[in-house]
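Below you'll find the structure, written out as structure tokens, and then a few comments.
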Amino acid sequence: MEHIFSATLQGPQEQCSLFQVLIQVGGVRKIAAHDMTQSREALAMMDGTTVTFSKRRGYVLSRWGIFLISALFLAAIVATGLLVYKFASCTKYQHASTYSADGTHSDENGTHKAILPSQTTEATPPTPTKAPKLDVRLPRAVKPDSYTFKIIPFIYEGNFTFVGEVSIIVNVTEATSNITLHFNDMKIHQDTVIVEEYVVSKDGSQTEGKKISIDRFSNDTARQFFIIHLKETLTAGQQYQISMEYLGNLNDILQGFYRSSYTVNNQTRWIATTQFQPTDARRAFPCFDEPALKARFKISIAHPSNMTSISNMPQIGKSEPVEDMPDYVWDHYQQSVPMSTYLVAFVVSDFDHISEGNFSVWARHEAIQQAQYSLKIGPKILHYYEKYFGIPFPLPKMDMIALPDFAAGAMENWGLITYRETAMLYKQGVSTNSNKQGVATVVSHELAHQWFGNLVTPSWWTDLWLNEGFASYVEYLGVNAVEPSWKILEQFVIFDLQNVFALDALESSHQISIEVGHPDEINEIFDRISYGKAEDSSSTTISTTTTTTTPAPGTQGSGLWWIPVTYTTLENPDFETTRPSHWLKATPNLTLPALTTAPDQWVIFNIQETGFFRVNYDANNWALLTEYLMDRDHFSQIGIINRAQLLDDALNLARAGLLDYSTALDVTRYLANELEYLPWKSALTALGYIDNMLIKTGHYDKFKMYMLGLLENLYKHTGFTDNPNDPQLTVYKRVNILGWACSLDHEDCVRNSVLQFQNWRSSPDPDRNNPISANLKNVVYCTAIRVGGQEEWDFAWQRYRKTNVGSEKDILLGALGCSRVTWILSRYLDWSVTENSGIRKQDAARVFAAISNNAIGQPLAYSFLRNKWDRIREYLGSSLFTINNIVRSCTKRINAPFELGDLKEFASAHRRELGTATRAVEQALEQAEANVKWMERNYEPIVRWLSNVTAVATS
């Protein structure tokens, strides 16, 4: 599954992530690896119960008083019984095997019984809680072999429910008198539950088997278990069939089987779709909802005849009428290969599709042409993986569909991949180069999952990293196969390797393999550790197993790792050889006798940053490197990736307190002559943290002046004109530099942005004629709204409401958060969690991130989070991505003791209801504490350094 993450943390805190390598320059050199063993967090907390005793007090009642109270008590019991009888008889759901068009069905006597509630039934999101440790794993005495289920979603009937019937053939591995399945947010019609022996005759047809008597049923709501208690014992080695009918909610919280909508000519169009990972298949049908319990699935879906359905497998034949429902038809699908429940998928929609062979893409009619790029690259990437892995794609077809509402970025359902529109759709001339690369990356990621995750699946969510880590690395290979000019493998270093170091530095981080149980704990680990850190581990494993025969990296001893050692020197510079010359293993020290260069010659370790660690040097080597970088005629002889590494390592080691900021900032001075994207991207990411910490202080002007000085040469070199023939990295460089220049109030940058925005506003038809280059939209929109007022904001809001392109909506959502008008920002926050405001639930986190990136908006966003927590949680439900990202973005700039104290109070007050946001809040607290310490330790030294540098520059 692909996540959409909002603003990310940058750089390590009080420790460096993974490793640091310390080099002593001069004479014989030694490498020391520090033990960076990560701490383990408690995944559940037991809340103690306090019992208090007070002094006894007595009351005296008369005989008449006792009689009166007794009479009232008996009357209350009688009244309650009558009410229970009345309302129970009104709300009881009946059931049958045939359904009528008006939402009723006939029983065996032909009598119609209601099966649908008279009012819309919304899914009630489970209340997140810091629950005691529960064993949530299913018993292993019964395992599924195959499912057959039929499901009918009532999409336009107004109540958004669905009815279904499921039959599961199970294998009994040990004698048992209980059958336990998962279910959630549904009603099982208990009188339809049948358990019988599964008997197959010699010709392969099923024959009637003995029915097993049922004693009773029980629900374990904490574990989401439905338990069938039998009157007799099932025999080990025998197969049985379990069947039942049920009713569920077509909810609006983007989990399980849910509803989504879009508008055409002011008319609402509804669709029904699924998102089951990790534990929500149980919202659509009773099942054995664990990844190891694979089975085959044979699915039938009924839907309005003017709509279509798709599922994991191809449809069998043509649609068939649904008996007694003239406007509905059945679609029957081939039986699937064995797969986990979380990979089952089906969608009912009125979408269009285009195909190339057995590969199809689906989207709204108005957006289907935006799916052309996905269709172009999808089959090519799929064929590349077949060749790369040496394993054919095992299914007969592949569908990909772009959904209006989707909580994650995409989901790798086998044979039916579901996407956000922004993750699958691209429109030439409107979407940016970054949007295009994003689409290619997500498509490549999800197709990689067809092998990593779908074909080979972890037995439990503890090893989620095996899915996400490998897919996150292999996605780069897939994109590089279809778009080699993008140099995507070089981008890996700055976008993934350096990026994930930041979160891994926190004590509230976690190992890539971590024990989880409760669904809330499972949801917590869908983070950048399971994706990014695991991705680095995966890339090491793949590189080692496919290109080298050096022992494979792994743990040795007490938290020490085998570290591949590569290095080069001024005397003999070589930035191409990445094969390790030595390994640092088992012992914390390694002596390199050959490294005996003169004390005035620098050395650089970790060529092209192929090792996943940071490198720190002694003061003399840092000084030699800084001096060499400042030489505009020679600094380019250091490889581009290693220039990026030196900047990233220096600034983040300083952030962690392992290097003086004066040394780290001295390294950045050479950027005044740097023209390459990768070093600038590394530097700007790390300097962004300093910007966030200083922007509310009285000395921010010094940092601003220093940055504008560094940027000036590159600003002139790249210019404000977007050239469509520019290479990908040149486009990214321009976008980054212009974004920083405009945010720092660079006069020419702001003037150009405002002028282009005004030209757009003056267009006779701004929704069809936008003169702003696609790649510059982020900069232009944000800058014009930031320096403008309500008119600019309202204009952009109207464009957001009217555009049909998902990427354009996303850019505008971000730009609308750039306003400096506080009431506008407050209203924007309110709209993000208001039904029918125009902002989809999936985009709520995008609004919070946009406003939090604004120095004026961040306190507003955090205040809204703190004061409206109950409303946010109720509106968004238990969405595992949205709330986590809101927490991270709203708190990332907290750096004052008072703010930290307030955050601690918030966390304490809501500790029992954080649910899937528990780890995000823990990380936010640790990040805020680190920010406060950073300010105490570094604010004054940085201000002094900036004062000295700017004084020299102006003298």
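Position 1 is the first residue of the sequence, and the numbers go up from there.
Residues forming a salt bridge (Lys or Arg N to Asp or Glu O under 4.0 Å) with Arg734 (at least two apart in sequence, or on another chain): Asp722, Asp726. Under the rule for a ring pair (Phe, Tyr, Trp, His ring centres under 6.0 Å), Phe575 has no partner lying at least two apart in sequence or in another chain. Remark: Asp666 engages Arg669 in a salt bridge (Lys or Arg N to Asp or Glu O under 4.0 Å) (not counting sequence neighbours). Every residue two or more places apart in sequence or in another chain that forms a salt bridge (Lys or Arg N to Asp or Glu O under 4.0 Å) with Lys704 is listed here: Asp745. With sequence neighbours left out, Trp486 forms a ring pair (Phe, Tyr, Trp, His ring centres under 6.0 Å) with no residue at all. The ring pair (Phe, Tyr, Trp, His ring centres under 6.0 Å) check on Phe495 picks up nothing, with sequence neighbours excluded. Scanning for salt bridge (Lys or Arg N to Asp or Glu O under 4.0 Å) contacts around Asp574 gives an empty result, with sequence neighbours left out. A search for ring pair (Phe, Tyr, Trp, His ring centres under 6.0 Å) contacts involving Phe720 returns nothing, not counting sequence neighbours.
Using modelled atom types, no side-chain atom of Glu676 and backbone atom of Leu678 make a donor-acceptor pair closer than 3.5 Å. A donor-acceptor pair under 3.5 Å is absent between the side-chain atoms of Tyr388 and the main chain of Val474, judged by distance alone. For Asn454 (side chain) and Glu412 (main-chain N/O), a donor-acceptor pair under 3.5 Å exists by modelled atom type. At least one donor-acceptor pair under 3.5 Å links the side chain of Asn435 to the backbone N or O of Thr432. Put simply, the side chain of Thr566 gets close to the backbone of Ile607: a donor and an acceptor are under 3.5 Å apart. Of the possible donor and acceptor atoms, none in the side chain of Glu468 sits under 3.5 Å from a partner among the backbone N and O of Leu464.
Annotation: side chain of Leu708 is not in contact with side chain of Trp740 (no heavy-atom distance under 4.5 Å).
Atom OG in Ser485 sits 7.0 Å away from atom CD in Gln728 (nearest 0.5 Å). Of the inter-residue distances, the one linking Ile381 atom CD1 with Tyr385 atom OH reads 6.0 Å to the nearest 0.5 angstrom. For the atom pair CD1 (Ile737) and CG (Leu710), the distance works out to 9.5 Å, reported to the nearest 0.5 Å.
Side-chain contact check for Ser682 and Gln498: at least one donor-acceptor pair (N or O, by modelled atom type) lies under 3.5 Å.
Residue pairs meeting the salt bridge (charged side-chain N to carboxylate O under 4.0 Å, His left out) criterion with at least one member in residues 644-654, sequence neighbours excluded: Arg614-Asp648, Arg614-Asp649. The ring pair (Phe, Tyr, Trp, His ring centres under 6.0 Å) contacts involving residues 635-667 comprise Phe635-Tyr670, Tyr661-Trp934, where partners must be two or more places apart or lie in separate chains. Listed by first and then second residue, the salt bridge (charged side-chain N to carboxylate O under 4.0 Å, His left out) pairs that reach into residues 705-720 are Glu712-Lys716, sequence neighbours excluded. Here salt bridge (charged side-chain N to carboxylate O under 4.0 Å, His left out) pairs that include residues 620-633, with residues two or more places apart or in two chains, number zero.
A cation-pi contact, defined as under 6.0 Å to the ring centre and within 45° of the axis, is absent between Lys681 and Tyr732.
Note: Tyr473 and Phe492 have perpendicular aromatic rings, judged against thresholds of 30 and 60 degrees for the angle between ring planes.
Note: Phe452 and Phe389 meet the aromatic proximity criterion, with ring centroids under 6.0 Å apart.
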